[in-house]
Each structure stands twice: as C-alpha cells, then as structure tokens.
2 protein chains.
Amino acid sequence: MKAGMTIGEAARASGVNAKLIRYYESIGLIPEAGRTASGYRVYSPTDVNVLRFVKRARTLGFGIERIQKLVGLWQDRSRCSSEVKRIATQHIDELDAKIAELQAMRDTLHELAEACHGDERPECPILKDLES
Amino acid sequence: MKAGMTIGEAARASGVNAKLIRYYESIGLIPEAGRTASGYRVYSPTDVNVLRFVKRARTLGFGIERIQKLVGLWQDRSRCSSEVKRIATQHIDELDAKIAELQAMRDTLHELAEACHGDERPECPILKDLES
DNA sequence: CCTTGACCTTCCAATCGCTGGAAGCCCCAT
DNA sequence: ATGGGGCTTCCAGCGATTGGAAGGTCAAGG
C-alpha cells in the first residue's frame, strides 16, 4: 500500500468501490481527498484505513450517520468507550426490532403455507388470510 | 361502506393512505379508478377490498411485484393454490435470508458490546473490531 | 351570493445507500 | 498519434413511501 494512491488503487486496497468512495466523499462521510495537478483524487494509507473502517461498520449494518459518529470517536483519543457502546446498543435494539418484525412475518406466512395444499385446486388459506 | 366513495373515504375504509392509493394506481398495482365529472376518483367496495388485500400483503412483507401476482391469482377462480404457495415460499426464503443476515450482525455486535466496558476510558473492543 | 375550510387534483422532491451510464479528460505504452 | 484504460462530473434509477406546493371543487354557514 504505497503513499499516493489513485481512487482505483484505494478501492482495491480498502475493498470499497471507487464509485462508492466518491459518494462517501460527496455526502461528507469521509473528508475531501487531495488532488493531483490534473484533478485526480489522491489517497494515503490512512485514508484507506478509514475506508476499511467504514466498510466494516456497514457490514455490521450501521447507518451512515452513525458511522460518521463512530469514525469521529475512533479518531478521538480522549473518547469514552461508553459513547461507542451507547451507539452500538442503539443499533442492536434496532436490529432486534427489525428481526422481530421479519420473524413475525415469516412465522405467519409459514403457518399459512403449511396449511396450503399447494396443488391444482384453487382453495388457498394464504389468499384467504390476505383477503380478510 | 357505501358505493361511490372518494379517495379519502376509501382510504379510511381500507386503511391505506390516500396518497398511497394514488401511488399504487400510478405504478399499475391497482387499476385506474373511475372519475366524477370534476375529476375526483371514485371507489367501490370491491376496490376497497383490493386495497385491504394489498395492505395485508404489504404487512407480510411482500414486494409490490409479487402482490400484483397475488392479486391476479386471488381474482382468478381457476387458479392453482400451488402457484400461490410457490410465491409465498419464495418470500419466506427471502425473509429467512434477511433474518439470518441481521441476526449475524446482531450477534457480532452483541458480543463486542458485552466486551466493552462502556465507561469513561477510551479502550473499546467495538472500535478495535471496526478498525481491523 | 360569497366565503371558509375540508377535500380533491397534479407534479416534484426527498428518503437510504448505493449503482449504472454518458460524455469527456488524462496518462502511458506502442 | 493512437488506443485503451482509468479518471472526472453529472444525471437518473432502484422500492415504497412521504411530504409539500399550487390550484380546483364541494358543502355549509353567514
């Protein structure tokens, strides 16, 4: 990982698509990259680390706004871990809520599908449920 | 539920927002409503039943495209329940996949949060994970 | 008859996190 | 100088809504 990378090189080094890097810059998630004389963006290994951090956080389902806060805390050596934990806990709660919602859908649908013969006849508990 | 309802009445009767009813019409999920001389949309009790069907299907997480198919099957008296079940099963599989994805996020994050002291000190396993 | 206010109409924009394409410039090798 | 790859910007779309602006319509009350 050399010092003055193009966006394509930074993309390969970080695992974040070049297009996505530009997008992250445009919304202010990452700072504006430096430029060469001809206008090409230039990235340092530090920039790549930030991109990796963002990518990992996205993998864990964090939204952009929270990732912004997490990056800020990450770079703040005097941070309190309680602040990080608070953000993570909020996200866990939201994940739990979403999981519960999807699970409820799944369970209802599974019951209906179990009760459905699934043959050439028109009788269908699934449609019966939907029309109620 | 009287015969010639305005969009607002149909919204109240079906539980589907007037704005959303117009949107559903615009994307072709529901047929174009009839109109009064002055251009107001007119809805019948049958239309309201379709809206209720759509609403219930959305509650179960079906996407618009699949709901379109389900409405078609619902109104087709010579349908095979196997076709309905196939659509439902596909949706269940997708729900399972999504739930597994979210659950994996949740579990990882929960472990990290458990390991985080959450006090005024800067050490934080959550950030440590994200930067790796 | 006129005003008020609730309702209706259309159209356009924003949400979230990307992803794709078009048009044009830059850089390097042949 | 020519080709091809990479870079630049801008614009548009995904899915399923939701919001607002600007204007027409309807029924009731003064």
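Keep in mind that this is a model prediction, so the values were computed, not measured. Lettering follows sequence order; numbering is per chain, from 1.
Ranked by how close their nearest DNA chain D nucleotide is to the 5' end, A:Gly8 and B:Ser38 are led by A:Gly8.
At a non-hydrogen distance threshold of 4.0 Å, A:Arg58, A:Gly63, A:Ile64 from residues 53-74 of chain A come into contact with DNA chain C. Proximity of residues 20-29 of chain A to DNA chain D (heavy atom under 4.0 angstrom from any strand atom) is restricted to A:Arg22.
In this model, a donor atom of one side chain and an acceptor atom of the other lie less than 3.5 Å apart for A:Asp47 and A:Ser44.
The side-chain hydrogen bond (donor to acceptor under 3.5 Å, both in side chains) test applied to A:Asp107 returns A:Gln103, not counting sequence neighbours. In this structure B:Glu94 satisfies the side-chain hydrogen bond (donor to acceptor under 3.5 Å, both in side chains) test together with B:Arg66, sequence neighbours excluded. With sequence neighbours left out, the side-chain hydrogen bond (donor to acceptor under 3.5 Å, both in side chains) criterion links A:Ser78 to A:Asp76. Every residue was checked against the side-chain hydrogen bond (donor to acceptor under 3.5 Å, both in side chains) condition with B:Ser132, not counting sequence neighbours, and none meets it.
Across every non-hydrogen atom of A:Thr59 and B:Met105, the tightest pair is O-CE, 3.4 Å. Between A:Val84 and A:Leu73, the closest heavy-atom pair is CG2-CD1, 3.8 Å. Between B:Leu112 and B:Pro125, the shortest heavy-atom contact is CD2-O, 3.8 Å. Between B:Gln68 and B:Gly28, the shortest heavy-atom contact is NE2-O, 2.9 Å.
Enclosure of atom CD in B:Gln90 by more than 12 non-hydrogen atoms of other residues, nucleotides or ligands within 6.0 angstrom is indicated.
Put simply, chain A comes within 4.0 Å of DNA chain D, heavy atom to any atom, from D:dG6 to D:dT9, going 5' to 3'. The footprint of chain B on DNA chain C, defined by a heavy-atom cutoff below 4.0 Å, extends from C:dC7 to C:dT10.
Under 4.0 Å is where a charged nitrogen must lie from a carboxylate oxygen, and between B:Glu83 and B:Arg86 at least one such pair does.
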Contacts under 3.5 angstrom, residues 17-25 of chain B side chains, donor-acceptor by atom type, not counting sequence neighbours:
unit_1: B:Asn17; atom_1: OD1; unit_2: B:Lys19; atom_2: N; d: 2.9
unit_1: B:Glu25; atom_1: OE1; unit_2: B:Ala33; atom_2: N; d: 3.4
unit_1: B:Glu25; atom_1: OE1; unit_2: B:Arg41; atom_2: NE; d: 3.0

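Counting only residues at least two apart or on different chains, the ring pair (Phe, Tyr, Trp, His ring centres under 6.0 Å) pairs with a member in residues 33-59 of chain A are A:Phe53-A:Trp74. Screening residues 76-116 of chain A for ring pair (Phe, Tyr, Trp, His ring centres under 6.0 Å) gives A:Phe62-A:His91 as the qualifying pairs, with residues at least two apart or on separate chains.
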CA sep, side-chain torsions, deciding dist, call: A:Glu101, A:Lys98, salt bridge (Lys or Arg N to Asp or Glu O under 4.0 Å): CA-CA 5 Å; A:Glu101 185 191 339; A:Lys98 191 73 192 168; 3.6 Å; yes
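Two end axes, each from the C1' atoms of five base pairs, can be drawn for the helix from C:dC1-D:dG30 to C:dT30-D:dA1; they diverge by 40°, to 10 degrees.
Residue contacts shown for B:Thr36 are absent, as no nucleic acid heavy atom lies under 4.0 Å away.
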